[in-house]
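Report on the following structure.
Small disclaimer: the values here were computed from a predicted structure and weren't measured. We name chains A, B, ... by the order of the sequence lines, and we start the count at 1 in each one.
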Protein chains: 2
Amino acid sequence: MKIAIPKERRPNETRVAASPETVKKLVALGCDVFVEKGAGAAASFTDTAYKDAGATIGKDATTTYKDAKAVLKVLKPIAGGKGDELKAMPKGTVVVSIADPYRSEKELDAYAKAGLTVFAMDFVPRITRAQSMDVLSSQSNLAGYKSVLDGAAVFNRAFPMMMTAAGTVAPAKVFVMGAGVAGLQAIATARRLGAVVSATDVRPASKEQVESLGAKFVAVEDDEFKQAETAGGYAKEMSDAYKAKQAALIAETIAKVDMVITTALIPGRPAPVLVTAEMVKSMKPGSVIVDLAVETGGNCELSVAGKVVEKDGVSIVGYHNVPGRLATDASSLYAKNVVNFFELMFDKEAKDLKIDWDDEIIKGTCVTHEGSIVHPALAHAEKKT
Amino acid sequence: MKIAIPKERRPNETRVAASPETVKKLVALGCDVFVEKGAGAAASFTDTAYKDAGATIGKDATTTYKDAKAVLKVLKPIAGGKGDELKAMPKGTVVVSIADPYRSEKELDAYAKAGLTVFAMDFVPRITRAQSMDVLSSQSNLAGYKSVLDGAAVFNRAFPMMMTAAGTVAPAKVFVMGAGVAGLQAIATARRLGAVVSATDVRPASKEQVESLGAKFVAVEDDEFKQAETAGGYAKEMSDAYKAKQAALIAETIAKVDMVITTALIPGRPAPVLVTAEMVKSMKPGSVIVDLAVETGGNCELSVAGKVVEKDGVSIVGYHNVPGRLATDASSLYAKNVVNFFELMFDKEAKDLKIDWDDEIIKGTCVTHEGSIVHPALAHAEKKT
């Protein structure tokens, strides 16, 4: 069977859904792999490298897509208008991508209408068996690393303490908000570079992880906190009195640090505002904010998607597609996630697709199939089916 | 006596010759310190901060310079033409700056003609007593740090090895050429970030320093090398046979690494070419070269001053004024160097200048005085005096 790896056509997308390494693996499984000319260029994967791995280079999108049973992509296909990617895919084509289903009502309708079977890699359930397919983790990890480098790039000072003959340069103080995968990697990276790091998270249980990386956990540690801390994993709603005390502590912390990195995302909803305009004003001139949530509204009130803006002497970094700023590694890991997922639906004997519709991972990721939106978490699914 | 700290007017200069901290020190010595409006803006030092430290803010260059006995600057004054800085300074004014005397014949003539007493901070002798005034060290150290971050900013991969559920990301391989102050700090920074680092230098004695930072020293370690290694400090001329073997090893190394950082400068002469176009071609797509010598001709044949260029899939970073890319720290340290130097020529009792012309540091740094070019190392000095 033929697999198509097209060039990504959405703006700011530098990644590609296959690396020479994963092409080799797909070819070894017995697939015909077509990679569109130049698909890996921004990720430094040359056509020659893909060819050497066993792929055929498709000279354009039409050649690449033609007769493909499965399409592996990074971002969901463009539906209609300029750059439409649907008309190249016949009914029944399996499409694997980061589909961002909660914010893609219109696109999902179009995919259903086109008869595509679309899987959303960003819906892979967080279960042990699916860890190797978890694109949110693989991409957030890189985003967390890059956020620190992006902050350091506009920061007018060095991170580490430096003892020089002319005097000592104080270490930078970095505050990371949100201690998920991205936040933890940001902490680790800022620590590597020699900064003094603190961090916070709404989950008191994350204190231990933050401290294990050598950072200070910022929280009002009263009895309520201590109870919540041992209650485990997910956030428990704290009292209003606690929230007020914690908010004051966070504001105080932000005014003292040199760099704030925000990483708070809520799936399917706009990002929470953590840093207000007033807080930005309280920071020292030359301070830096890196907002990893800028594409879903931003954790900082003043961040602008795709830009570095300056406000009250503070630089606010809001790049698009931060994992894509490490296009080679981000593509390599995404490609591995995708191949691991693909193997789930591939019959090695028959060398063809064989989808087990009862598999928890398949059920959890399939968003459109046989003309309908099928995923139970999508509110608009019912209306259409 | 009055000291003037003007705003720097040369292109790409973001630094300033005083920080609020050094202003405080100069004021405590009994000086009247005038800082030009906005002089510290690019270094995140506000006029308010200078004022709070005891400075008067000069509303323009004329006000700032008027009646000043000493001018503290970062770069040598512009002589003639647009932005001329000489006419504001009366005969006898003491001017302290990075004067780049070997490449400033025309300017030195103008300074002499204007009757200025000009001191070149970049000529401070490398003796123990002058270490706290050594601007080459303080600025190179920061340049070495920033070179790694500038390389990491355009590199499409992460530096550290990352073990993830989707697979392992290999660490970046960084090769540092030249193990002076900048090179050693580049090694340390790349190591901090998790890269596998190697380095080379024409001084076999630097092997020990490189290895003490956890990097591999790249050299053909034959008997000739071993003899030179123990011969101490400065470079001994190696045999042609050795040089050929070493060149082959360097070429081989460059072809294998992901990033090359070059730091080789020769005072008063163009930078040596270390990385040829052919070597660039031998590198993997996505590799990065950072050329810290780009402003004096470049260590890489293909680097372009002030630009990031791409050639054969390799990004070549050639920023101007790399220490100035960390304007706050670079200014702070430079300002401390300058104050330490200034104290040498200041009489605390009389609260006025009192220059000891027999002092080794004064003699080593004074380039023009009483109408003449006076420094013995300047070939053109004799012609004029």
Side-chain angles (χ1 to χ4, degrees), chain A residues 14 21 40-46 48-49 128 130-135 137-138 141-142 145-146 149-150 152-153 155-160 162 164-167 169-170 185 188-189 191-194 284-287 313 324-340, chain B residues 14 21 40-46 48-49 128 130-135 137-138 141-142 145-146 148-150 152-153 155-160 162 164-167 169-170 185 188-189 191-194 284-287 313 324-337 339-340:
Chain A
T14 52
E21 188 186 339
S44 302
F45 298 139
T46 61
T48 313
T128 307
Q131 268 185 10
S132 67
M133 310 166 198
D134 186 346
V135 297
S137 288
S138 75
N141 181 44
L142 293 172
Y145 164 83
K146 190 65 171 173
L149 290 187
D150 281 342
F155 188 44
N156 267 332
R157 291 179 38 212
F159 267 50
M162 289 182 180
T164 78
V169 173
Q185 185 59 256
T189 305
R191 286 272 303 156
R192 275 174 186 280
L193 265 178
K284 286 170 284 188
S287 299
R325 294 170 59 74
L326 295 167
T328 308
D329 279 345
S331 300
S332 290
L333 291 182
Y334 180 75
K336 282 186 191 172
N337 293 143
V338 164
V339 160
N340 291 333
Chain B
T14 51
E21 189 186 340
S44 302
F45 298 138
T46 61
T48 313
T128 308
Q131 266 185 12
S132 68
M133 311 167 198
D134 186 347
V135 297
S137 287
S138 75
N141 180 45
L142 293 172
Y145 164 82
K146 190 64 171 173
V148 174
L149 290 188
D150 282 341
F155 188 44
N156 267 332
R157 292 179 37 213
F159 267 49
M162 290 182 180
T164 78
V169 172
Q185 185 59 257
T189 306
R191 285 272 304 156
R192 275 174 186 280
L193 265 178
K284 285 169 284 186
S287 300
R325 293 170 60 73
L326 295 166
T328 307
D329 280 345
S331 299
S332 290
L333 291 181
Y334 179 75
K336 282 187 192 171
N337 294 143
V339 160
N340 292 334

Under a 4.5 Å heavy-atom cut-off, does chain A meet the side chain of Ser137(B), its backbone, both or neither?
neither

Over all atoms of both residues, closest heavy-atom pair of Phe159(B) and Tyr145(A):
N-OH, 3.1 Å

Contact origin within Ser332(B) toward chain A - heavy atom pairs under 4.5 Å:
neither

Identify which part of Phe155(B) has an atom lying under 4.5 Å from any heavy atom of chain A, answering side chain, backbone, both or neither.
backbone

When the 4.5 angstrom heavy-atom criterion is applied to Arg157(B) and chain A, the contacting part is both

Contacting region of Ala41(A) [heavy-atom separation from chain B under 4.5 Å]:
neither

Measure Leu142(B) against the heavy atoms of chain A and call it side chain, backbone, both or neither at under 4.5 Å.
side chain

Contact class of Ala170(B) relative to chain A, heavy atoms under 4.5 angstrom
neither

What part of Lys146(B) is in contact with chain A, defined as an atom under 4.5 angstrom from a non-hydrogen atom: side chain, backbone, both or neither?
side chain

Considering only heavy atoms and a distance below 4.5 Å, find which of Asn156(A), Leu193(A), Leu326(A) pairs most often with chain B.
Asn156(A)

Here the pair of heavy atoms bringing Thr328(B) nearest to Ala43(B) is OG1-O, 2.8 Å

Under a 4.5 Å heavy-atom cut-off, does chain A meet the side chain of Leu333(B), its backbone, both or neither?
both

Contact part of Met133(A) toward chain B, heavy-atom cut-off under 4.5 Å: side chain, backbone, both or neither?
neither

Flag the one option from Asp150(A), Asn141(A), Val339(A) with the top tally of heavy-atom pairs under 4.5 Å to chain B.
Asn141(A)

Going from CD on Gln131(B) to OG1 on Thr164(A), what distance comes out if it is rounded to the nearest 0.5 angstrom?
10.0 Å

Highest number of heavy-atom pairs under 4.5 Å with chain A: which of Ser44(B), Ala158(B), Ala327(B)?
Ala158(B)

Identify which of Gly286(B), Pro160(B), Ala153(B) forms the greatest number of heavy-atom pairs closer than 4.5 Å to chain A.
Pro160(B)

Spacing of NZ belonging to Lys284(B) relative to OG1 belonging to Thr46(A), to within rounding of 0.5 Å:
13.0 Å

Not counting sequence neighbours, which residues clear side chain to side chain donor-acceptor pair (under 3.5 Å) with Ser132(B)? List them please.
Asn340(B)

